[in-house]
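Written out below as structure tokens is the structure these notes cover.
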Amino acid sequence: MINLKTQVGIIGAGPAGLTLALWLKKQGISSVIIEHRSREYVEARVRAGLLEQNTVDIMTDLGVAVRLKKEGQEHHGVYLSFNGDRIRVPFGELTGGRNITIYGQQEVVKDLTNEWLRGGETLLFEAPAIKIANIDTDSPEIHFEHQGELGRIDCDFVAACDGFHGIGRKSMPSGSYKEFSVTYPYSWLGILANVAPSSEELIYAYHERGFALHSLRSDKISRLYIQVDNDDREENWTDEMIWDELAIRLGTKDWELKRGPIFEKSITPMRSYFIDNMQSGRLFLAGDAAHIVPPTGGKGLNLAIADVKHLVDGFSDYYLHQSKEKLDHYSEIALKRIWRAQDFSNFMTTLFHKSDAHGSFTYQLQKAKFDYIKSSKAYATMIAENYVGLPF
Ligand code: FAD
Ligand code: DHB
């Protein structure tokens, strides 16, 4: 039996769990992390790439932004396209100088993991949590398995940062929260390709054949997505078919899409999900454990980090000022931002995806919104400030 003792027991070494651990350490609060998967698996998992200004600032404060500053790309605007009509929304003048940075989530996870382990802290990989107990007492427990042995973490608080499929949310008492869920009638086929980006900034495009997004990872690697049906499969798409589709959907005059070898291809469903209470007794949920947003707008990872900020505020207040005030209101505070992000992600998703016939009522509303972005600085500002992330 492995027995660990700490102040905050953290389940999950994704962006939320790792950031929470490092931030608590900075405040002098101890924690240990257990992670279901292997280190190789977690570090290779291809996901998001868009970091809000807030997220970059937090990484900088935690001292884990050296590589991010060197290899990440700061963007000062974004292109929006509607049937080949492409416009640019500049961030600087609309948001008072706030920006986004493109840097792959798995690179963020590598940097955070390295920093945590460099400090000699505990992080057990291949250690799934199997039960969370005694959350209504002052000494909750996390039970887990590791290399064929059973283990237990005795702690003051449990932070479940264990993603959508983790046990954190399932360990909340039944009836302690309401659940909200929307499944969209389309998915994303995402690729990574060994080719220089065809645009220096991201392009979100509505096309009568469906949505497309041009993003990037470096000067040599492009990241692109297209809308596909929910029952579609990667095998249905040859590289040539993907590039042809991207060229049509992203196309505009005097612009050419560069093509190259595709080395990763996967389909992600689109979902909005959240629960209206993220805490019970000594158990707190953060990140995807409590909410999922559709990826249009790049909010998932940033929202996970925002939850952590509020959780750290609560734990700091408790340990450093002997007050439970902020901790007691964690869920209420975090949910304000989550609702805002849900709305913006839904707005971007329904604006740029094809969900009804070309020329239909839905289409006309989408087009009216796009035309309004072109003519109204106020509307463009709404998009810019939500996209770069509202200040805390
Ligand atoms: P996660 O990153 O999911 O981390 C949770 C961790 O907990 C995982 O490492 C998991 O292995 C571990 N875990 C689970 N159960 C247990 C257990 N019982 N015991 C111990 N550990 C456990 N967002 C965007 O903004 N843009 C995108 O393009 C985008 N693409 C995505 C593609 C996919 C396939 C997925 C799944 C998500 C995507 N997201 C995207 C969302 C974004 O990646 C997430 O919002 C972000 O990962 C949330 O971080 P997290 O730390 O809360 O959860
Ligand atoms: C990326 C993903 C997104 O969902 C998004 O809105 C922007 C960029 C990306 O993977 O680079």
Side-chain angles (χ1 to χ4, degrees), residues 9-21 33-39 41-43 45-52 55 72-73 75 78 100-106 108-109 112-113 123-132 142-146 151 153 158-171 187-188 190-192 197 201-204 211 213-218 221-225 264 266-271 273 285-308 341 344-345 348-349 352 387 389:
I10 300 177
I11 310 174
L18 290 161
T19 304
L20 177 62
I33 315 175
I34 51 168
E35 164 58 47
H36 185 147
R37 303 288 190 165
S38 68
R39 184 170 185 181
Y41 181 94
V42 174
E43 292 187 350
R45 204 162 36 189
V46 176
R47 286 184 169 179
L50 187 162
L51 308 187
E52 289 179 0
T55 302
Q73 297 195 14
H75 287 190
V78 62
I100 58 151
T101 298
I102 298 296
Y103 187 64
Q105 177 170 326
Q106 70 270 46
V108 173
V109 166
L112 292 167
T113 306
L123 162 49
L124 299 183
F125 286 101
E126 299 177 82
I130 49 177
K131 190 173 146 200
I132 302 171
I142 304 170
H143 296 253
F144 63 96
E145 287 168 358
H146 184 53
I153 304 175
V158 177
C161 304
D162 51 354
F164 188 67
H165 301 289
I167 68 161
R169 193 175 64 257
K170 294 170 197 143
S171 305
S187 300
W188 277 14
I191 61 159
L192 280 166
E201 292 174 342
L202 271 57
I203 310 168
Y204 290 77
F211 170 80
L213 167 60
H214 180 294
S215 184
L216 52 123
R217 285 292 177 271
S218 69
I221 296 180
S222 297
R223 174 80 165 139
L224 300 114
Y225 302 90
E264 140 82 36
S266 62
I267 291 185
T268 309
M270 314 270 286
R271 180 166 38 198
Y273 174 93
L285 309 183
D288 277 19
H291 43 73
I292 298 283
V293 290
T296 335
K299 289 284 160 245
L301 161 66
N302 297 293
L303 213 45
I305 304 298
D307 287 352
V308 166
F344 181 66
S345 304
M348 289 289 282
T349 300
F352 287 108
Y387 191 70

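Each ligand, and each atom within it, is numbered from 1 in the order the structure gives.
- Summary of contacts: the protein heavy atom closest to atom 2 (C) of ligand 2 is Tyr225 OH, 3.6 Å.
- Leu20 is listed as a side-chain neighbour of Cys161, based on a closest heavy-atom distance under 4.5 Å.
- Side-chain atoms of Arg223 never come within 3.5 Å of backbone atoms of Ser215 as a donor-acceptor pair (strictly under, hydrogens ignored).
- At least one donor-acceptor pair closer than 3.5 Å links the side chain of His146 to the backbone N or O of Glu126.
- When heavy-atom distances to ligand 2 are checked against a 4.0 Å cut-off, Ile102 has no atom that comes that close, whether in backbone or side chain.
- Where the criterion is an N or O separation shorter than 3.5 Å, residue side chain and backbone included, Tyr387 fails it with respect to ligand 2.
- Distances from ligand 2 to the non-hydrogen atoms of Leu50 include at least one value under 4.0 Å.
- Judged purely by atom type and a 3.5 angstrom limit, Lys299 uses its side chain to pair as donor or acceptor with the backbone of Tyr387.
- Residues Leu213 and Ile203 form no side-chain contact, since every pair of their non-hydrogen atoms from C-beta on lies 4.5 Å or further apart.
- Ligand 2 has Arg217 within reach: a non-hydrogen atom of the residue lies less than 4.0 Å from it.
- Each of the following atoms of ligand 2 lies closer than 4.0 Å to a heavy atom of Pro295: 3 (C), 4 (O), 5 (C), 6 (O).
- Within ligand 2, counting atoms from 1 as listed, the ones closer than 4.0 Å to a heavy atom of Arg223 are 10 (O).
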Check ligand 1 for close polar pairs with the protein: N or O on both sides, less than 3.5 Å.
| from | atom 1 | to | atom 2 | distance (Å) |
| --- | --- | --- | --- | --- |
| ligand 1 | 2 (O) | Arg47 | NH1 | 2.8 |
| ligand 1 | 3 (O) | Arg47 | NH1 | 3.0 |
| ligand 1 | 9 (O) | Glu35 | OE1 | 2.7 |
| ligand 1 | 9 (O) | Glu35 | OE2 | 3.1 |
| ligand 1 | 9 (O) | Arg45 | NH2 | 2.7 |
| ligand 1 | 11 (O) | Glu35 | OE2 | 2.6 |
| ligand 1 | 18 (N) | Ala129 | O | 3.2 |
| ligand 1 | 19 (N) | Ala129 | N | 2.9 |
| ligand 1 | 21 (N) | His36 | N | 3.0 |
| ligand 1 | 25 (O) | Gly300 | N | 3.3 |
| ligand 1 | 28 (O) | Tyr225 | OH | 3.4 |
| ligand 1 | 43 (O) | Gln105 | OE1 | 2.7 |
| ligand 1 | 45 (O) | Asp288 | OD1 | 2.7 |
| ligand 1 | 45 (O) | Asp288 | OD2 | 3.3 |
| ligand 1 | 45 (O) | Gly300 | O | 3.3 |
| ligand 1 | 45 (O) | Leu301 | N | 3.4 |
| ligand 1 | 47 (O) | Arg47 | NH1 | 3.0 |
| ligand 1 | 47 (O) | Gln105 | NE2 | 2.7 |
| ligand 1 | 51 (O) | Pro15 | N | 3.3 |
| ligand 1 | 51 (O) | Ala16 | N | 2.9 |
| ligand 1 | 52 (O) | Asp288 | N | 2.9 |

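- Under the salt bridge (charged side-chain N to carboxylate O under 4.0 Å, His left out) criterion, Glu201 pairs with Arg88, not counting sequence neighbours.
- Ligand-side atoms of ligand 2 in range of Leu202: 7 (C), 8 (C), range being under 4.0 angstrom from any heavy atom.
- Ring geometry, Tyr225 versus Trp188: the interplanar angle falls from 30° to 60°, so the pair is classed tilted.
- Under the side-chain contact (heavy atoms from CB on, under 4.5 Å) criterion, Lys170 pairs with no residue at all, not counting sequence neighbours.
- Contact annotation: for Trp188 versus ligand 2, heavy atoms closer than 4.0 Å belong to the side chain alone.
- Between Gly297 and ligand 2, at least one N/O pair is under 3.5 Å apart.
- By the side-chain contact (heavy atoms from CB on, under 4.5 Å) test, Ala129 pairs with Ile11, Ile34, Ile142, Ile167, sequence neighbours left out.
- A donor-acceptor pair under 3.5 Å is absent between the side-chain atoms of Asp288 and the main chain of His165, judged by distance alone.
- Close contacts of ligand 2 with Tyr204, meaning ligand atoms under 4.0 Å from a residue heavy atom, involve 5 (C), 6 (O), 7 (C).
- At least one donor-acceptor pair under 3.5 Å links the side chain of Glu35 to the backbone N or O of Ala13.
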